[in-house]
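In what follows, a structure is listed as structure tokens, so that the remarks can point back to it.
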Amino acid sequence: MKKIVVIGSLNMDFAVNVKHAPKVGETILGDDFRLTPGGKGANQAYAAAKLGGKVTMLGAIGDDTYGQMLMDNLRNAGVCVDYLKKTKDSSTGMALITVDENSDNSIVVIQGANKEVDIPYIDSMLDIIKDCDIVIFQLEIPVETVAYAARRAKEFGKTVILDPAPAQCDLPQELLENADVIKPNENEILTLLGADDSLALDNAVGLLREKGAKNILVTLGADGSCYYGQDGSEIHVPANKVKAVDTTGAGDSYTAAFAVNLSEKKDIKSAMKFASRVGAMAVMKAGAQTSIPTREEVELWAEA
């Protein structure tokens, strides 16, 4: 099996259920408060390990209780956390999450120690990157760090997967060019382009490719996912129909599952189908890492 390195964020999630997201100046009541490990990078590392991947996490935590909890949780899932940066200058990152009665979420992220995942840290981890096969990135650490690390990973001949969330317009062209697969959802691809929802998906894909993207994998929620290959190929995989409880972490689960299947030398369509099953199972439970199934659970569900 190929080795996976996830370079990204670790956050402690503070989640609460609400009837609807509060409007400006509005105070609402919430219930079912949860304190759970999160961060897009940590979610993906955790999911990949639970799904059977051989995973190392690179990122930063504060020298505090939450950081220790996040590190222990990843280690218990089978993730190598030996190379995490522990800093006294910043607290561990946090995310404030509301989940409404339609199971949709709104998230505010406080970067904290994630901002200290800098280029010198990446330079100190080059041997770890050289020793892996697949590197996964997100955008909850500094973009300049992501762009630099992706460039170095490509110089070493690694497969680079970019999950461009939280999405932002005008990502460095170098970053898009160095990503073998970029995996936005239907809203994120529009944000990457600075476009509104009147732009058709096919046109959005074409514009993103003009900016340097190669292979583009777009997740579409209940409509499944679509892959647009650099060679002109197009693959659509429908979503598994389930009753959603909480969509937090579903995209991270999809990314991780896709990477794990690629690490097992599966083809793109097979990896998409596997990722769709994992994403569907993740939305059936509350939380990010707490909702991620094991490989055995995914295989049993597929057989049911």
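Because the structure is predicted, anything quoted here is derived from the model rather than measured. By convention here, the first residue in the shown sequence is residue 1.
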Pairwise side-chain contact, [X] with [Y], heavy-atom cut-off 4.5 Å (strictly under):
X: Asn261; Y: Asp267; value: no
X: Leu201; Y: Val205; value: yes
X: Tyr227; Y: Ile216; value: no
X: Thr92; Y: Leu10; value: no
X: Ile107; Y: Leu96; value: no
X: Asp104; Y: Val99; value: no
X: Val218; Y: Asn185; value: no
X: Val146; Y: Ile7; value: no

Separation of [Y] [atom2] from [X] [atom1] (nearest 0.5 Å):
X: Met71; Y: Leu84; atom1: CE; atom2: CG; answer: 7.0 Å
X: Asn203; Y: Leu199; atom1: CG; atom2: CG; answer: 5.5 Å
X: Leu162; Y: Leu175; atom1: CG; atom2: CG; answer: 5.0 Å
X: Thr255; Y: Lys183; atom1: OG1; atom2: NZ; answer: 3.0 Å
X: Leu74; Y: Met57; atom1: CG; atom2: CE; answer: 7.0 Å
X: Phe137; Y: Ile161; atom1: CZ; atom2: CD1; answer: 10.5 Å

For [Y], is there any backbone N or O sitting under 3.5 Å from a side-chain donor or acceptor partner on [X]?
X: Gln111; Y: Glu140; result: yes
X: Tyr46; Y: Val79; result: no
X: Thr98; Y: Val16; result: no
X: Asn178; Y: Glu174; result: yes
X: Arg209; Y: Tyr228; result: yes
X: Thr87; Y: Asp89; result: yes
X: Gln68; Y: Thr65; result: no
X: Ser270; Y: Lys266; result: no
X: Asp163; Y: Gln138; result: no
X: Thr145; Y: Ile141; result: no

Does the pair Lys19 and Asp100 meet the rule for a side chain to side chain contact (heavy atoms under 4.5 Å, CB included), with working shown? CA-CA 5 Å; Lys19 292 197 70 173; Asp100 69 20; over 6 Å; no

Lys158 and Asp180: salt bridge (Lys or Arg N to Asp or Glu O under 4.0 Å), yes or no, with the steps? CA-CA 9 Å; Lys158 310 307 175 184; Asp180 293 286; over 6 Å; no

Kindly determine whether Tyr148 and Asp123 satisfy side chain to side chain donor-acceptor pair (under 3.5 Å), including the steps that lead there. CA-CA 10 Å; Tyr148 176 77; Asp123 282 338; 2.4 Å; yes

Treat each ILVMFWY residue as a node, draw an edge where side-chain heavy atoms are under 4.5 Å apart, and state whether [X] and [Y] are in one component.
X: Met281; Y: Met272; result: yes
X: Tyr254; Y: Leu220; result: no
X: Ile129; Y: Ile4; result: no

Looking at [X] and [Y], what are the two nearest heavy atoms and their distance?
X: Ile122; Y: Ala149; answer: CG2-CB, 3.9 Å
X: Asn114; Y: Gly93; answer: ND2-CA, 3.9 Å
X: Val18; Y: Gly30; answer: CG1-CA, 4.2 Å
X: Ile235; Y: Lys269; answer: CG2-CG, 3.9 Å
X: Ala113; Y: Ile61; answer: CB-C, 3.5 Å

Audit row: Val81, Asp72, side chain to side chain contact (heavy atoms under 4.5 Å, CB included) steps and yes/no: CA-CA 9 Å; Val81 293; Asp72 290 345; over 6 Å; no

Does Arg295 form a salt bridge (Lys or Arg N to Asp or Glu O under 4.0 Å) with Glu264? I'd like the steps, not just the answer. CA-CA 13 Å; Arg295 183 62 172 262; Glu264 297 168 344; 2.9 Å; yes

Exceeds 12 heavy-atom contacts within 6.0 angstrom, atom NZ of Lys54: no

Looking at Lys86, I want to see if its NZ is surrounded by more than 12 non-hydrogen atoms of other residues, nucleotides or ligands under 6.0 Å. yes

Would you call the rings of Tyr66 and Phe14 parallel, tilted or perpendicular, taking 30° and 60° as the class edges? perpendicular

Give the intermediate values and the outcome of side chain to side chain donor-acceptor pair (under 3.5 Å) for residues Gln230 and Asn215. CA-CA 5 Å; Gln230 190 176 20; Asn215 303 296; 4.5 Å; no

Determine, stepwise, if the pair Met12 / Met69 fulfils side chain to side chain contact (heavy atoms under 4.5 Å, CB included). CA-CA 9 Å; Met12 185 58 74; Met69 290 171 64; 3.8 Å; yes

Carefully, step by step, assess Lys3 and Ile134 under the rule side chain to side chain contact (heavy atoms under 4.5 Å, CB included). CA-CA 6 Å; Lys3 298 178 183 178; Ile134 298 172; over 6 Å; no

